[in-house]
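Everything on this sheet refers to the single structure shown next.
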Number of protein chains: 2
Amino acid sequence: MTTANSLSADDLGSAAQRDRRRRILQATIEIASKGGFDAVQMRAVTQRADVALGTLYRYFPSKIHLLVSALGSQFEDVSANLSKSPIPGDTAADRVIWVLGKATRGMQRDPNLTEALTRAFMFADKSVAGEIHTVGMQLTTMLTHAIQGGAYDADAELTDENVSVARVISDVWLSSLVSWVTGRFSTEEVHDHLDTAVRLLLRD
Amino acid sequence: MTTANSLSADDLGSAAQRDRRRRILQATIEIASKGGFDAVQMRAVTQRADVALGTLYRYFPSKIHLLVSALGSQFEDVSANLSKSPIPGDTAADRVIWVLGKATRGMQRDPNLTEALTRAFMFADKSVAGEIHTVGMQLTTMLTHAIQGGAYDADAELTDENVSVARVISDVWLSSLVSWVTGRFSTEEVHDHLDTAVRLLLRD
DNA sequence: AGCGCAACTGGAACGTGTTTCTATTCTACC
DNA sequence: GGTAGAATAGAAACACGTTCCAGTTGCGCT
C-alpha cells in the first residue's frame with residue numbers, strides 16, 4: 001500500500017516551497033473558518049493560495065490530507081502556547097479540565113473551522129494514517145503533560161496508566177466535539193460531559 | 001432548517017414500500033460488506049436493490065443518511081439478540097466488557113462493513129441528526145442496560161451517573177472503532193483499550 | 001370503470017474531488 | 001551562460017454524489 005503522505009515543512013527544500021505550503025494551509029484555514037468543510041473546495045484553495053491545482057495535490061494528496069494537516073498546524077500553535085507557562089491547578093483533574101476548557105473554548109470561537117477540521121479528522125481513512133498519527137500524538141502529549149503537572153520533570157511518572165487515561169480523555173474530547181459539531185451537544189453539555197468524564201477518570 | 005429525514009419503516013404505508021426500503025438497506029449492507037465505504041455508490045445500490053436513483057433519494061436523502069440508517073438497522077439486530085438472554089458477569093464492569101467484546105468481535109468479523117458504517121457515522125453533519133440520535137440512543141441503552149445488570153427491573157437505578165458512564169464508554173468505543181478502521185489500533189489494542197477504560201470508569 | 005394524485009422509472013445534467021497532460025518556469029550543476 | 005530535470009501553471013477530462021425532469025405505474029376514491 002503506497003500511502004502517499006502530505007509534504008511536511010521539513011521535507012521542502014526551498015524557501016519558496018515552504019512558503020507555498022504555508023500559503024496553502026493558511027488559505028485552507030481562512031476558507032474553512034468562513035464556510036466550513038463544504039466551503040473548502042480544492043479550486044477555491046488554489047485561487048486563494050495562488051497555486052495550481054496540480055501543485056496543491058502535490059503538497060497534499062487529498063482534501064482530507066489537507067484538512068488534517070491544517071489541524072496539525074493548529075495544534076502546534078496551541079501546544080506552543082500551552083508550554084509557555086505552567087498549567088494551573090492543584091490536581092491532575094483540575095489541570096486537565098483547564099486544558100480541555102481552554103482548547104474547547106478556542107474551537108467554539110470558530111465553529112466553521114472546527115466543523116471542517118473535526119469532520120476531516122473523523123472521516124480520514126487508512127491513507128491518512130501518518131497525518132492522523134501526528135495529531136493523535138500532539139493530543140496525547142498535551143494531556144499527559146497536564147496530568148503529570150506543570151513541573152516539567154523528565155523523570156516524572158509517565159506511567160502507562162497516565163497514558164491510558166490520556167487516551168480515554170482524548171477519545172471523549174473528540175466524541176464531544178463531533179457531538180457539538182453535529183448539534184447534539186450544546187457548549188454547556190460539552191463542558192459538563194468532559195468535566196464528568198475527567199472526574200470519573202482522575203478521582204484520586 | 002428543513003432537515004429531511006430518512007423514511008423509517010413505520011412511515012411507509014404499503015407493503016411494497018416497506019419491501020423497497022428493506023431491499024435498499026440490504027443492498028447497502030451487502031455492497032458495504034464487500035467493498036467498504038467507497039464501494040457503496042448510489043448507482044450501485046439502485047442496481048442491486050432494483051429501484052431508480054430518484055427513489056433511493058426519496059427514501060434516504062443522502063449516502064450518509066443511507067449508511068447511518070443501515071447502521072441503525074444493524075444495531076436493532078444486535079440489541080434484539082442481546083435482550084434474549086441476561087448479560088453474564090457479576091460486576092457492571094464485567095457485563096459491559098462482555099457486551100463490548102461481543103459487539104466488537106461482530107464488527108471485526110466484517111471489516112469492510114464496519115469501515116463503511118463507522119465512517120458514515122463520524123462524517124455525518126447536522127442534517128443527519130435524527131438518524132444519529134437513534135443510533136446514539138441504541139448504544140446508550142445497551143450500555144446502561146449492561147451496567148445495571150441483567151435483572152430487567154424498571155425500578156433499577158438508572159442513575160445520572162450510570163448514564164454518564166455509559167456515554168463516556170460509548171465515546172471510547174466509537175473512537176476505538178475509528179482507530180481500528182484507520183489502522184491505528186489492532187484488534188488486541190481495541191480490546192485492551194476498552195478494557196482499561198471500563199475498569200477505570202467502573203471500579204467499585 | 002374512470003379519475004386524480006403520489007410514487008416510481010429512466011436518464012440527462014450539474015458540482016466538486018481527483019487525475020492527467022502539455023507547456024512553462026525554476027533550480028542545481030557544469 | 002547553458003542545460004537537464006524537477007516543480008509549477010493551466011486546463012481538460014473523469015468519477016460519483018446529487019438534482020431535476022418527463023413519462024409511466026400503482027393506488028385509493030367515487
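Naming: A, B, ... by sequence-line order, numbering from 1 per chain. FYI, side chains are in, hydrogens and waters are out, and symmetry mates aren't considered; it's all heavy atoms of this structure.
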Quiz item: How does each nucleotide of nucleotides 7-15 of chain C score, in 5' to 3' order, for protein heavy atoms under 4.0 Å: base (B), sugar-phosphate only (S), or none (-)?
Solution: SSBB--B--
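Applying the ring-ring contact (aromatic ring centres under 6.0 Å, His included) rule to pairs touching residues 116-138 of chain A yields A:Phe123-B:Phe37, A:Phe123-B:Phe123, sequence neighbours excluded. Residue pairs that meet the ring-ring contact (aromatic ring centres under 6.0 Å, His included) test with at least one member in residues 161-180 of chain B, sequence neighbours left out, do not exist here.
The environment of CG in B:Asp160 is sparse: at most 12 heavy-atom neighbours from other residues, nucleotides or ligands sit within 6.0 Å.
Think of the region where chain B sits on DNA chain D: with heavy atoms and a 4.0 Å cut, that region ends 5' and 3' at D:dC16 to D:dT19.
Between A:Arg167 and A:Asp171, no side-chain nitrogen of the basic residue sits less than 4.0 Å from a carboxylate oxygen of the acidic one, so the salt-bridge criterion is not met.
Separating the OH atom of A:Tyr57 from the P atom of C:dG17 is a distance of 7 Å, rounded to the nearest angstrom.
No contact: A:Val45 has no heavy atom under 4.0 Å from any strand.
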Residues 27-35 of chain B side chain polar contacts: donor-acceptor under 3.5 Å, at least two apart:
residue, atom, partner, partner atom, Å
B:Thr28, OG1, B:Ile24, O, 2.7
B:Glu30, OE1, B:Arg48, NE, 2.7
B:Glu30, OE1, B:Arg48, NH2, 3.2
B:Glu30, OE2, B:Gln26, NE2, 2.9
B:Ser33, OG, B:Asp110, OD1, 3.1
B:Ser33, OG, B:Asp110, OD2, 2.8

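Residues B:Glu131 and B:Ser6 have side chains that bring a donor and an acceptor to within less than 3.5 angstrom of each other. Defined by atom type and a distance below 3.5 Å, a donor-acceptor pair is present between the side-chain atoms of A:Glu188 and A:Ser186.
Not counting sequence neighbours, the partners of A:His193 by the ring pair (Phe, Tyr, Trp, His ring centres under 6.0 Å) test are A:Phe185.
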